[in-house]
J.: 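Provided herewith is a single structure, encoded as structure tokens, for subsequent inquiry.
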Amino acid sequence: MSLLVTFVIIVVVMTAILGINSYLILLERKTAAWIQDRVGPNRVGFDLGLPFLKRLTGGFHFWGLGQPIADGLKFLFKEQVVPAHVDKVLYFVAPCVAVITALLSFAVVPFGPTPTSANPDVFPFVIAPNIDIGIVFVFAVSSLAVYAIILGGWASNNKYSMIGALRSSAQIISYEIPLGLSILVVAMMTGSLNLEKIVARQAEDGFFGWNIWFQPLAWLIFFTAALAETNRLPFDLPECEQELVGGFHTEYSAIKFVMFFLGEYTHMITVSYLTAILFFGGWHFPFIAEGDSTYPGATAVKILVLAGKAALFIFFIMVLRWSLPRFRYDQLMRLAWIVLIPLGLLNLVFAMFVRHWELSRWWLLPISVVLFVAAGLIGTLVSTQEKRVIGHAHQA
Amino acid sequence: MPIKPEEVRWVAPPRMGLWERLYIPAVLQGLGTTLSHMVRPAVTQQFPDEEPKLPPNYRGVHRLNRDEQGRVKCVACYLCATACPAHCIDIVAAPSPWPDREKYPEIFVIDELRCIYCGMCEEACPVDAIELTTLYDLTGLTRREMLFDKEKLLSVYDQTAAAGTDPPRTRRGRLGPASEPLVPINQLGPSSGVGANAAHPSDNRTDSERAVAAKASSEA
């Protein structure tokens, strides 16, 4: 593939991601409003409140669709406040790292049809095709995003930012492990770390070849850990507003704050695409987007199917935000280390058994369910009520 | 004083069974709650497009009532200014040009920015001259603009009386209890003609006795 095509794809994808990001923020606000029986932002139309544009649009509100544009312009033209006590270099580097790592990790994520054995000559809709370590690359790069948070928190020279950054580093390191364990199972079943091959395998096996049928437990672990990786509720301890006044981005304003936001939302897009690709068949959908469907417009349909699946997960993440309360920090760590990691390990071991003795893949479904229920059972049996006493009652 | 251990009663959280320990059912239940709210109609009032429905006893901008002859009802007794916890009422009294009262307000200014809309002026007023209306969206470009003088407060009366949005407690058109003689005029005896009792020549009770009587007559 020529360099020019790659450049065009990079420009198109990056622009699309940035545009989608801004509208995801509107969607997030709208979702929050709907869940709270409100209306949400609906005042700013495409005139952005400017009188000379108002004459063109006739003052129509467009259901608030101009809000992200107005927000973006506001952030761009806002005063760049740099507190006096910050570490100047790292303070500016941190938001750049956040955006760069988030955008870079999308490079190997396929966002449209990819070659299968049925039609191997299809144009690969991915910035960097045929990278055999694909999924490893995604998590290697996106885990660098923790540097953005740590540097931002450190450079801000503010205790709340620092606490947020520290929480984040511990959280992301802890949740990388279950994330990796859950992906290993998928990679083992496909025999490849290449995301295009993982999609192709599922597409060739049809609807009941989607990995979710064999690995619901791995999906659960993956999704939970991914929420923690993206700092989304219920795992948003690095930036919890109520305790840490925003955490690592307390001291950031204007465009630098937006860059952190873009990083977080791009991460969310990547995670949603990965969920669709790893567990829900990628661009495959029964009847309309099969591995061998070549009708005119099939390419567009496949891109839309994958985008639709990803959009569903993004929406799910947003709804989850208003459904679950935030974890306490010890609960967060306990979930990672004594629930998700042992579960992920056991799941991996059983998947190895199934592969080694070449049993039917369908054995993995009951194994997942049994492991999950067993974990709940163990939790029920070992939970003990701590004996509580008042400290000074004994001293008296 | 330290709390004795035997006085402490620990409230233990209920033990979780297997169903709760699986967490997923609870998460799905939570999602069900949030998703059911998504399809409900919003409770938002689109304010400038949509006027809120306020209860009729809402306490908004003040008005100064007029009597049947269109004169300001206020008798400049300063009771409202005294009762006002925010000290936002400023009155300058002058001898009344009308024979039926001693004083009238030459200047009557309410600082609407300072007012806390507690309604105590309304309760204090013996002649029901000052009232709070249901107008709520008062705005101004300067602080000076928000000092409402007598003419403005009377115009608020004209506006609300014409719109039929009188407060439910209004007594406009009727005289207030303190302005009504305790005994009908034709039954009055010879005047004692002393000081503050001049308005009620036969009345030689103390002020507090009269206040009690006035209250009783207003409740009757």
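Residue numbers start from 1 in every chain, and the chains themselves are labelled A, B, ... in the order their sequence lines are given, proteins ahead of strands. Hydrogens, waters and symmetry mates play no part in the numbers below; they use all other heavy atoms, side chains included.
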J.: Drop me the distance from Y23(B)'s OH to L335(A)'s CG, to the nearest 0.5 angstrom.
T.: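 Between atom OH of Y23(B) and atom CG of L335(A) there are 8.5 Å.
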
J.: Counting heavy-atom pairs closer than 4.5 Å to chain A, which one of V27(B), T33(B), L31(B) comes out on top?
T.: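 Most heavy-atom pairs under 4.5 Å with chain A: L31(B).
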
J.: For the atom pair CZ (R38(A)) and NE2 (H37(B)), what is the distance rounded to the nearest 0.5 Å?
T.: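 R38(A) atom CZ to H37(B) atom NE2 measures 13.0 Å (nearest 0.5 Å).
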
J.: Measuring heavy-atom distances to chain A, does Q46(B) have an atom under 4.5 Å in its side chain, in its backbone, in both, or in neither?
T.: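 Backbone plus side chain of Q46(B), per the 4.5 Å heavy-atom cut-off to chain A.
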
J.: Provide the closest heavy-atom pair for V39(A) versus A42(B) in the form atom of the first, atom of the second, distance.
T.: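 Shortest heavy-atom contact: CG2-CB, 3.6 Å.
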
J.: So do L220(A) and I24(B) actually touch side chain to side chain, heavy atoms under 4.5 Å?
T.: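 Yes, at least one pair of side-chain atoms sits under 4.5 Å.
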
J.: Testing the basics here: between L18(B) and G376(A), what is the closest heavy-atom pair and its distance to 0.1 Å?
T.: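 Shortest heavy-atom contact: CD1-C, 3.4 Å.
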
J.: Looking at F316(A), F372(A), W322(A), which makes the most heavy-atom pairs under 4.5 Å with chain B?
T.: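 Ranked by contacts with chain B, first place is F372(A).
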
J.: Within a reach of under 6.0 Å around CH2 of W19(B), are more than 12 heavy atoms found that belong to other residues, nucleotides or ligands?
T.: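 Counting neighbours around CH2 of W19(B), 12 or fewer heavy atoms of other residues, nucleotides or ligands fall under 6.0 Å, so no.
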
J.: At a 4.5 Å cut-off on heavy atoms, which part of L324(A) comes close to chain B: side chain, backbone, both, or neither?
T.: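 Just its side chain gets close to chain B.
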
J.: For the candidates R40(B), M38(B), Q29(B), which exhibits the highest count of non-hydrogen atom pairs separated by less than 4.5 Å from chain A?
T.: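 Of the options given, most contacts go to M38(B).
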
J.: Looking only at heavy atoms and a cut-off of under 4.5 Å, which of V39(B), T44(B), L35(B) has the most pairs with chain A?
T.: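 When all of V39(B), T44(B), L35(B) are compared, T44(B) has the most.
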
J.: Tell me if a side-chain donor or acceptor on T34(B) pairs with a main-chain N or O of I35(A) at a distance below 3.5 Å.
T.: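 The answer is no, because no donor-acceptor pair under 3.5 Å joins these two groups.
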
J.: Any side-chain heavy atom of E20(B) within less than 4.5 Å of one from T380(A)?
T.: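 No, every pair of side-chain atoms sits at 4.5 Å or beyond.
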
